[in-house]
Asker: 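Okay, handing you the structure first.
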Amino acid sequence: MADEEEIILSELSDDELVLQMHDDLYDGLKEEIEDGVNILISRGWTPYDTLTKALVAGMTIVGADFRDGILFVPEVLLAANAMKAGMHILKPLLIATGAPRMGKMVIGTVKGDIHDIGKNLVGMMMEGAGFEVRDLGINNSVEKYLEALETEKPDILGMSALLTTTMPYMKVVIDTMKEKGMREDYIILVGGAPLNEEFSKAIGADAYCRDAAVAVETAKQYIQRKHNALGV
Ligand code: B1M
C-alpha cells in the first residue's frame, strides 16, 4: 500500500504510465485517471491513442474480470466513472479537429440498457469527424427514437446495446420504422459488444460498427453514398 502511494505518475515512462492507468482504472481512481490523461496529452500523445491505449484497453481488463466474477457492479461503476472523467478531458480535443460538417446523427442506448460509455465514445468520435450528434442517452424506447428522428431530422440513427437481452430491441425500433414507412429515410448503424455483422443484417440495420473508429468510417461511407444517390 505504501509503495502505491509513492507512485508519481509524471515520473513514469509512457509504457509504465499506461499500465499504471490500467491499474488505476481498475481501482476506479478518477483523479489519477485525469492526471494520467493530462500527462499523456502533455507528452504529445494524440487524444485517440490516449483514449484507446490507456482508457479503452483498461476497461477491457475490467470487463474480463467482471465477466469472471472477480469484480462486481459497484467496482465496475467506479471504473466507469473514472473512464468517463478521462473521456471528459479528451472530448473537446477529439472534437477540435475542425473537420467539415459531414451530416447529423441521433444516437442512443436501447430500452432496458444503461451502458453508455461505448455510445458516448462513438458520439465523441463522430463529432470529432465533423458530424453533428444528438445524444439521447440510455434506456430509449421506440417512441423516444422516433420522436428524436422527427424533431432532429438526422441522416443517421445509431443504436447501442451491451446486453444480449437488450440487443433484440433494435429490431423493434427498425420494424416500427418499417411499419411507418420511414425506414429508408435513415442510415441505421448499430453497435455494442454482443452484436455482430450477421445480427445487424438480420434486424435490417445498414451496418454493424465494431468500434467508434469503424462507426466514423462507416458513417462517412454511407453519407457519401447518400450524396452520390442524390447527386450532391
Ligand atoms: Co455491464 N455488462 N452490466 N455494466 N458491463 C457487460 C456488458 C458484460 C459483457 C460484462 C460481463 O459479464 N463480462 C455483461 C453483459 C453480458 C451479456 O449480456 N451477455 C454485463 C452485465 C451482465 C451487466 C448487468 C446485468 C450486471 C448486473 O446488474 N448484474 C448490468 C445491466 C444494467 C442494465 O443495462 N440494465 C450491468 C451494469 C453495468 C454498470 C452500470 C456497472 C457499468 C455501466 C456503466 C456505464 O456504462 N455508464 C457496466 C460496465 C462498465 C460493463 C463493462 C465492464 C464495460 C462496458 C464498457 O463500457 N466498455 C461490460 C464488459 C465488456 O463490454 N467487456 C459490461 C468500454 C466501451 C468503450 O466499449 O461499450 O463495447 P463498448 O463500446 C464500443 C463498441 O462496442 C462500439 O464502439 C464502442 C467504442 O469503441 N459501440 C458502438 C458501442 N455502441 C455503439 C453504437 C454504435 C456504434 C458502435 O452506433 C452506431
Side-chain angles (χ1 to χ4, degrees), residues 22 25-26 28 30 33 48-88 90-91 94 103-129 131 133-140 145 154-170 173-174 186-197 199-200 203 205-223:
H22 293 172
L25 193 75
Y26 194 94
K30 182 170 168 261
I33 287 297
Y48 184 70
D49 274 356
T50 307
L51 185 66
T52 51
K53 294 182 181 162
L55 300 185
V56 175
M59 189 51 95
T60 304
I61 303 168
V62 172
D65 280 3
F66 188 27
R67 178 196 62 216
D68 297 342
I70 297 165
L71 288 179
F72 297 94
V73 170
E75 290 111 317
V76 179
L77 259 182
L78 282 178
N81 282 340
M83 171 135 184
K84 282 188 176 181
M87 283 165 61
H88 186 71
L90 295 173
K91 182 173 179 175
L94 283 165
K104 187 171 184 180
M105 175 189 233
V106 158
I107 189 167
T109 304
V110 298
K111 189 172 169 182
D113 200 322
I114 62 168
H115 295 88
D116 66 355
I117 295 176
K119 182 241 334 140
N120 294 348
L121 203 49
V122 172
M124 277 162 54
M125 296 276 295
M126 291 287 292
E127 283 184 346
F131 286 86
V133 176
R134 169 86 170 86
D135 188 341
L136 304 180
I138 54 172
N139 195 25
N140 284 288
Y145 282 115
D155 305 285
I156 304 170
L157 169 63
M159 289 189 279
S160 179
L162 264 285
L163 299 172
T164 45
T165 48
T166 56
M167 56 193 243
Y169 195 77
M170 292 175 169
V173 177
I174 296 175
Y186 304 94
I187 298 159
I188 303 183
L189 304 181
V190 294
L195 277 65
N196 57 33
E197 193 66 51
F199 174 79
S200 112
I203 62 170
D206 287 301
Y208 158 69
C209 307
R210 190 182 64 242
D211 58 30
V214 170
V216 167
E217 285 317 308
T218 312
K220 282 182 182 169
Q221 284 167 15
Y222 275 87
I223 288 286

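What you see is a predicted model, and the numbers here were worked out from it, not measured in a lab. In each ligand, atom 1 is the first atom listed, and ligand 1 is the first ligand listed. Residue numbers run from 1 in the order of the sequence given. All values below come from the heavy atoms of this structure, side chains included, with hydrogens, waters and symmetry mates left out.
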Asker: Heavy-atom contacts under 4.0 Å between Asp211 and ligand 1: side chain, backbone, both, or neither?
Answerer: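 It is both parts that get close, each with some atom under 4.0 Å.
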Asker: I'd like to check atom 21 (C) of ligand 1 in this structure: does the protein have a heavy atom lying under 4.0 Å from it?
Answerer: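 Yes; the ligand atom in question has protein heavy-atom contact below 4.0 Å.
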Asker: Measure from atom 39 (C) of ligand 1 to the protein's non-hydrogen atoms and state whether any distance is below 4.0 Å.
Answerer: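 So atom 39 (C) of ligand 1 lacks protein heavy-atom neighbours under 4.0 Å.
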Asker: Mark yes or no for whether Asn196, through its side chain, and Phe199, through its backbone, hold a donor-acceptor pair below 3.5 Å.
Answerer: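 Yes; judged by distance alone, with no hydrogens or angles, the pair exists.
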Asker: Which residue owns the protein heavy atom closest to atom 23 (C) of ligand 1, what's the atom, and how far is it?
Answerer: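 Looking only at protein heavy atoms, the one closest to atom 23 (C) of ligand 1 is Leu163 CD2, 3.9 Å.
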Asker: Heavy-atom contacts with Asp113 under 4.0 Å: which atoms of ligand 1 show up? List them by number with element.
Answerer: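 That gives atoms 34 (O) of ligand 1.
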Asker: What protein heavy atom is closest to atom 19 (N) of ligand 1, reported as residue, atom name and distance in Å?
Answerer: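 I find the closest protein heavy atom is Thr164 OG1, 3.4 Å.
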Asker: What is the minimum heavy-atom distance between Pro194 and Thr164, and which atoms define it?
Answerer: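 Taking every non-hydrogen atom into account, CB-CG2, 4.0 Å.
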Asker: Which is it for Val122 and ligand 1 at heavy atoms under 4.0 Å: side chain, backbone, both or neither?
Answerer: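 Contact part for Val122 vs ligand 1: side chain (C-beta onward).
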Asker: Can you tell me the protein heavy atom closest to atom 33 (C) of ligand 1 and the distance?
Answerer: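 Here the closest protein heavy atom is Ile114 CG1, 3.5 Å.
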Asker: Do we see a donor-acceptor contact under 3.5 Å between the side chains of Tyr26 and Asp65?
Answerer: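 Tyr26 vs Asp65: donor-acceptor pair found between side chains.
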Asker: Would you mind checking which non-hydrogen protein atom is closest to atom 90 (O) of ligand 1, with the distance to 0.1 Å?
Answerer: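 The closest one turns out to be Met159 O, 3.6 Å.
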Asker: Pick whichever of Ala213, Ala212, Ser160, Gly192 has a heavy atom sitting closest to atom 80 (O) of ligand 1.
Answerer: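 It is Ala212 whose heavy atom sits nearest to atom 80 (O) of ligand 1.
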Asker: For His115, what is the atom name of its N, O or S atom nearest to atom 1 (Co) of ligand 1?
Answerer: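 Looking only at N, O and S atoms of His115, the one nearest atom 1 (Co) of ligand 1 is named NE2.
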Asker: Quick test: of every protein heavy atom, which one is nearest to atom 49 (C) of ligand 1, and how far off is it to 0.1 Å?
Answerer: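 Its nearest protein heavy-atom neighbour is Val76 CG1, 3.5 Å.
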Asker: Nearest heavy atom to atom 7 (C) of ligand 1 wins, so pick from Thr166, Leu121, Leu162.
Answerer: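 Looking at heavy atoms only, Leu162 sits closest to atom 7 (C) of ligand 1.
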Asker: For atom 57 (O) of ligand 1, grab the closest protein heavy atom and report residue, atom and distance to one decimal in Å.
Answerer: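 The protein heavy atom lying closest is Ile117 CB, 3.3 Å.
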Asker: Return the closest protein heavy atom for atom 29 (N) of ligand 1 as residue, atom name and distance.
Answerer: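 Protein heavy atom at minimum distance: Val73 CG2, 4.3 Å.
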Asker: What about Thr165: any of its N or O atoms under 3.5 Å from an N or O on ligand 1?
Answerer: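 By distance alone, the answer is no.
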Asker: How far does CG of Asp206 sit from OH of Tyr222, to the nearest 0.5 angstrom?
Answerer: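 It is 5.0 Å, given to the nearest 0.5 Å.
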Asker: Could you tell me whether atom 85 (C) of ligand 1 has at least one protein heavy atom nearer than 4.0 Å?
Answerer: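 Given the 4.0 Å limit, the answer for atom 85 (C) of ligand 1 is yes, a protein heavy atom qualifies.
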Asker: Between Asp211 and Ala213, is there a donor-acceptor pair closer than 3.5 Å when you use the side chain of the first and the backbone of the second?
Answerer: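 The answer is yes, because a donor-acceptor pair under 3.5 Å joins these two groups.
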Asker: May I ask you to identify, for Arg210, whether its side chain, its backbone, both or neither come under 4.0 Å of ligand 1 on a heavy-atom basis?
Answerer: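 The backbone, only.
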Asker: Nearest heavy atom to atom 82 (C) of ligand 1 wins, so pick from Pro74, Gly112, Gly191.
Answerer: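 Shortest heavy-atom distance from atom 82 (C) of ligand 1: Gly191.
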Asker: Please indicate, with yes or no, if any protein heavy atom is found under 4.0 Å from atom 60 (C) of ligand 1?
Answerer: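 Yes, because at least one protein heavy atom sits under 4.0 Å from atom 60 (C) of ligand 1.
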Asker: Quick check: does any side chain N or O of Asn139 sit under 3.5 Å from a backbone N or O of Ile114, one acting as donor and the other as acceptor?
Answerer: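 No, the answer is negative, given that no donor and acceptor are paired below the 3.5 Å cut-off.
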Asker: Give me the nearest non-hydrogen protein atom to atom 73 (C) of ligand 1 as residue plus atom name, then the distance to 0.1 Å.
Answerer: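 Checking every protein heavy atom, the shortest distance to atom 73 (C) of ligand 1 gives Gly118 CA, 4.1 Å.
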Asker: Measure Cys209 to ligand 1 on non-hydrogen atoms and call it side chain, backbone, both or neither using the 4.0 Å cut-off.
Answerer: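 It is both parts that get close, each with some atom under 4.0 Å.
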Asker: Count the heavy atoms belonging to other residues, nucleotides or ligands that lie under 6.0 Å from NZ of Lys104, then report whether that count exceeds 12.
Answerer: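 Enclosed.
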Asker: Would Met125 count as a contact residue for ligand 1, given that I'm defining contact as a non-hydrogen atom of the residue lying under 4.0 Å from a ligand atom?
Answerer: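 It does not, in that no heavy atom of Met125 comes within the 4.0 Å cut-off of ligand 1.
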Asker: Please confirm whether Pro194 approaches ligand 1 to less than 4.0 Å, judged on its heavy atoms.
Answerer: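 The answer is no: ligand 1 sits nowhere under 4.0 Å from a heavy atom of Pro194.
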Asker: For atom 54 (C) of ligand 1, which of the options Met59, Glu75, Met83 provides the nearest non-hydrogen atom?
Answerer: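 The nearest heavy atom belongs to Met59.
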Asker: Enumerate the atoms of ligand 1 whose separation from the nearest heavy atom of Lys84 is less than 4.0 angstrom.
Answerer: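 Here the atoms of ligand 1 in question are 47 (N).
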Asker: Output the list of atoms in ligand 1 that are nearer than 4.0 Å to some heavy atom of Leu189, sorted by atom number.
Answerer: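 Near Leu189, meaning under 4.0 Å from one of its heavy atoms, ligand 1 has 90 (O), 91 (C).
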Asker: Is the closest side-chain heavy-atom distance between Tyr145 and Val110 below 4.5 Å?
Answerer: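 Yes, at least one pair of side-chain atoms sits under 4.5 Å.
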